[in-house]
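Beneath this line is the structure, given in structure tokens, with notes to follow.
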Amino acid sequence: MTAAEYAQTLQLKPVVPATATVSGGDSQRKWRHLLLKDFTFFYVSGELTYASQSTKKRMDYIHCRGGIVLPAYDPELVTHIIVDTANPDKPDAGVTLRTLGLKKLSDIPDHVPTVKWKWVNSAKLVPNGDRAGNFRIVEDGNGGHVTVRMDWEFMHSAFVARVHAGKGFKNTGGNEKDKGKGKPKAKTTAQRKEGENSEEEDNDSAEDISDISCACRLIGSVVGVRLIFVCSRNFTQDAPSPPPSAKETTPAVNQTKSVQSEREIPFISDPLGEFEALAKEEKKAEGFLCDAPNSNSLTSECPNQDIVDKLEELMELHRAKPTEEDKWRVYSYSKSIRKIRTYPHRITSYEEARNIPGVGDKTALKIKEILETGELRRIDIEYTEDLDVVHLFQGIYGVGQHIAYMWYSAGCRTLDDIRERKNGIKVSDVQEIGLKYYDDINTRMPRAEAGEIFTAIKRTAVSIDPHLYVEIMGSYRRGKATCGDIDILITRPTDDGNSHEGVLASLLSALQREGIIRENLSMPDFKDDPLEAVYRGLCVRPLREGEGHDTKRLVHILTVPYKSRGAALIYYTGDDIFNRSLRLKANKMGYSLNQRGLFAGVVRSTENKMIKTCDGHIIASETEQEIFRILGVPWQEPWERVRS
DNA sequence: GCCC
DNA sequence: CAGTACG
DNA sequence: GGGCCGCTACTG
């Protein structure tokens with residue numbers, strides 16, 4: 001596991017104060033347990049591949065003391081960069097810059113110090129509370145506060161060139177500005193009122209620590225969205241919040257229960273049986289896929305990997321087939337495969353497979369066959385020579401099942417055939433671009449590159465109008481390590497009488513001038529609403545000397561009216577399966593959800609569901625929380641919404 | 001494909 | 001309108 | 001046997 005990955009897994013772990021394991025009387029150390037609260041670190045270990053034991057231990061140390069370890073460097077969020085490369089006394093600037101993705105040390109903001117690990121250990125309790133030097137007031141773990149003194153950052157500066165950075169060397173006053181926002185204490189207490197039943201209850205020494213709020217702060221940071229950050233795992237409390245008893249919908253109540261059971265799994269004697277029971281319960285509880293947060297599947301090995309592989313292979317074959325029937329098979333497979341992948345134990349029988357919601361008779365039989373023979377004959381049966389070619393063509397942006405099959409039946413077999421317009425096939429402008437950048441478009445980019453491009457675009461946007469709200473969405477917001485594209489949401493508060501009307505057009509031409517945008521795939525259409533539009537194109541990251549930046553990346557820019565931002569955030573954060581599930585649930589509850597808002601009283605024509613005979617009225621759209629709450633879906637952070 |  | 005793409 | 005997201009958005 002890399003350091004970044006480890007940092008990411010920390011986000012999901014509750015903050016267990018290190019002192020909780022120390023016997024109660026040790027007041028000598030207890031004060032440390034929130035020592036690093038309000039600090040956001042980026043840790044430079046210099047380890048290219050795997051995080052060493054000591055790196056992990058130090059990240060744990062930060063995490064357990066209320067600090068945040070960013071998986072990816074973000075100049076807007078980081079408060080301290082810890083440099084802990086091979087030789088602790090001689091930090092390596094080159095390695096540091098490479099890790100940060102910067103060219104020179106001066107690219108690091110002045111208020112962010114680069115410190116050696118030693119600085120972290122410099123904290124000392126100030127017994128008489130005298131406020132001299134670099135003091136901090138921290139919670140003492142008993143509901144009170146103590147004064148703690150730490151060395152000035154410059155005393156442990158990693159690089160001579162940056163001793164001035166951070167506090168102490170001279171009075172920059174620069175990092176005072178983010179002091180206020182990291183103290184959502186009242187909120188934390190309030191949210192615990194609702195959430196504590198299903199959250200930790202056996203940790204009386206940790207009363208003031210909300211692991212949730214900590215994780216939220218962290219991922220909120222990673223994700224970079226700070227529009228609305230009221231965090232709670234269960235029901236949210238924006239606006240006048242309903243008392244817990246007002247949760248009238250059954251799914252909601254069931255949800256609370258199932259979260260609880262999920263948490264109990266590790267402690268019971270027969271985990272397998274319990275899981276099956278839980279699965280059954282979910283089945284009859286009419287649960288929607290969107291109801292249960294993703295409990296993080298990326299950490300553990302999948303005990304049924306061979307089954308997953310075979311089923312995925314089969315699914316891909318169906319994906320390349322043209323019929324409507326196959327489309328739904330793929331939809332179904334994708335859901336059942338996901339369930340199997342996150343199933344915690346080795347599946348050993350047809351019965352067991354069948355008990356997993358989403359796995360039906362057919363798939364259970366296939367699993368049985370894989371268990372018994374290690375093979376799946378259906379794969380060979382479904383395979384035909386055309387599928388590889390169709391799959392290849394479908395990789396062209398703008399080419400779907402139908403066009404791919406048309407081209408195949410026209411006799412085309414390779415991308416070059418398409419380029420040559422073999423047998424007179426037609427290729428649209430968009431497809432032409434898709435063809436030209438076939439490999440680029442089908443290659444995911446590192447998370448950091450997506451961030452870099454986003455930052456450049458945001459800078460340009462804000463220079464057009466400083467009041468714009470510009471955020472990165474999609475897989476980046478969901479915390480993925482690699483991104484297939486860059487999704488940017490733009491809106492603007494209208495309280496000063498202005499709006500973002502016309503901004504997208506100026507932004508696009510500015511980005512073209514800058515050379516960031518290279519190709520247009522689709523242009524916005526403002527016919528309905530000048531505030532609402534979608535742009536798609538290909539871009540490259542901003543140029544840096546001496547490096548080629550040729551790989552074109554898909555970029556999507558969406559503008560929405562400020563009032564719709566909550567619904568737009570949900571839509572644009574995804575993932576797709578989560579969205580569909582959420583919309584399905586809305587529909588079943590008599591609502592309708594799209595990227596503009598949640599609507600009630602929508603009447604659909606009975607024979608054609610596509611036609612709404614009555615528009616209904618909008619009941620929520622401004623915040624994600626509001627929409628979740630009305631739908632009885634427990635609040636889930638972006639990274640918990642991964643369903644596929 | 002799965003589920004109602 | 002059908003086809004494709006978006007989360 | 002019928003639904004499986006969206007009166008989604010854009011292209012041609």
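In the text below, chain A, chain B and the rest are named by the order of the sequence lines, each starting its count at 1.
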What interatomic distance, in whole Å, is found between P of D:dC5 and the corresponding atom of B:dC4? 15 Å

Please identify each residue that fulfils salt bridge (Lys or Arg N to Asp or Glu O under 4.0 Å) with A:R492, with sequence neighbours left out. A:D465, A:D496

What are the residues of residues 427-445 of chain A, sorted by number, that bring a heavy atom to within less than 4.0 Å of DNA chain C? none

Applying side chain to side chain donor-acceptor pair (under 3.5 Å) between A:Y437 and each of A:R553, A:K552, A:E519, report the one that passes. A:E519

Tell me, please, which residues at least two apart from A:S428 pass side-chain hydrogen bond (donor to acceptor under 3.5 Å, both in side chains). A:Q431

Only counting residues at least two apart or in another chain, list the ones meeting side chain to side chain contact (heavy atoms under 4.5 Å, CB included) with A:M406. none

A:E382 CD to B:dG1 P, in whole Å, measures 7 Å

Tell me whether the side-chain N/O atoms of A:R319 come closer than 4.0 Å to OP1 or OP2 in B:dG1. no

So does A:R329 get a side-chain nitrogen or oxygen closer than 4.0 Å to the phosphate oxygens (OP1/OP2) of B:dG1? yes

Integer-rounded Å distance: D:dC4 C1' and A:E325 CD: 14 Å

Whole-Å distance, A:F288 CZ to D:dC5 C1', equals 13 Å

Just checking, any donor-acceptor pair under 3.5 angstrom between side chains of A:N294 and A:Q636? no

Residue whose closest nucleotide on DNA chain D lies nearer the 5' end, A:L584 versus A:R536: A:L584

For A:T384 and A:D386, which I'm curious about, is there any donor-acceptor pair between the side chains at under 3.5 Å? yes

List for me each residue that meets side-chain hydrogen bond (donor to acceptor under 3.5 Å, both in side chains) alongside A:H391, sequence neighbours excluded, and say none if there are none. A:E316

Between which nucleotides of DNA chain C, 5' to 3', does chain A make heavy-atom contacts below 4.0 Å? C:dG3 to C:dG7

Examine D:dC7: is either OP1 or OP2 under 4.0 Å from a nitrogen or oxygen in the side chain of A:N594? Give yes or no. yes

How would you list, by chain and number, every residue that makes a salt bridge (Lys or Arg N to Asp or Glu O under 4.0 Å) with A:R421, sequence neighbours excluded? A:E432

P atoms of D:dC4 and C:dC6, separation to the nearest Å: 23 Å

Is A:D326 touching bases, backbone alone, or none of the nucleic acid, heavy atoms closer than 4.0 Å? nothing

Using the closest heavy atom to pick a nucleotide of DNA chain D for each, name whichever of A:E532 or A:S581 lands nearer the 5' end. A:S581

Touch class at under 4.0 angstrom, heavy-atom based, for A:Y571 against every strand present: base

In whole angstrom, give the distance that lies between atom NE2 of A:H318 and atom C1' of B:dC2. 14 Å

Do A:L371 and A:R346 have side chains that get closer than 4.5 Å, going by heavy atoms? yes

Working to the nearest 0.5 angstrom, can you tell me the gap between A:R641 CZ and A:I570 CD1? 6.0 Å

If I take atom CZ in residue A:R596 and atom P in nucleotide D:dC5, what distance separates them, rounded to the nearest angstrom? 18 Å

Atom pair distance, as rounded to whole Å: CG in A:L569 and C1' in D:dT8: 16 Å

Base-pair string, DNA chain C, Watson-Crick plus G-U, cut-off 3.5 Å on both distances, | for inter-strand, is |||||||

Taking any heavy-atom pair under 4.0 Å as a contact, classify A:L582: base, sugar-phosphate, or nothing. nothing

Using a heavy-atom cut-off of 4.0 Å across all strands, would you classify A:R378 as base, sugar-phosphate, or nothing? sugar-phosphate

By side chain to side chain contact (heavy atoms under 4.5 Å, CB included), which residues pair with A:P530, not counting sequence neighbours? A:E501

Give one of base, sugar-phosphate or nothing for A:D576, where a contact means two heavy atoms less than 4.0 Å apart. base

Starting at CD of A:E324 and ending at C1' of D:dG3, how long is that distance when rounded to a whole Å? 12 Å

With rounding to whole Å, what would you report as the distance between C:dC1 and D:dC7 at their C1' atoms? 15 Å

Can you name the residues that form a salt bridge (Lys or Arg N to Asp or Glu O under 4.0 Å) with A:K362, not counting sequence neighbours? none

Which residues within residues 392-402 of chain A lie with some heavy atom under 4.0 Å of an atom in DNA chain C? A:I396, A:Y397, A:G398, A:V399, A:G400, A:Q401, A:H402

Under 4.0 Å between a side-chain N/O of A:K366 and OP1 or OP2 of B:dG1, yes or no? yes

Does B:dC2 have its OP1 or OP2 closer than 4.0 Å to a side-chain nitrogen or oxygen of A:T363? yes

State, without any angle test, whether A:E385 and A:Y408 hold a side-chain donor-acceptor pair at a distance under 3.5 Å. yes

Answer with base, sugar-phosphate or nothing: what part of the nucleic acid does A:M315 contact at a heavy-atom distance below 4.0 Å? nothing

Quickly work out the A:H556 NE2 to D:dT8 P distance and round it to whole Å. 19 Å

Side-chain donor-acceptor pair under 3.5 Å between A:D361 and A:Y350, yes or no? yes

In terms of the angle between their ring planes, are A:W407 and A:F393 parallel, tilted or perpendicular, with boundaries placed at 30° and 60°? perpendicular

Counterpart residues, salt bridge (Lys or Arg N to Asp or Glu O under 4.0 Å), relative to A:D326 (two or more places apart): A:R329

Can you tell me if A:S592 touches the phosphate of D:dC7, counting only side-chain N or O atoms and a distance under 4.0 Å to OP1 or OP2? yes

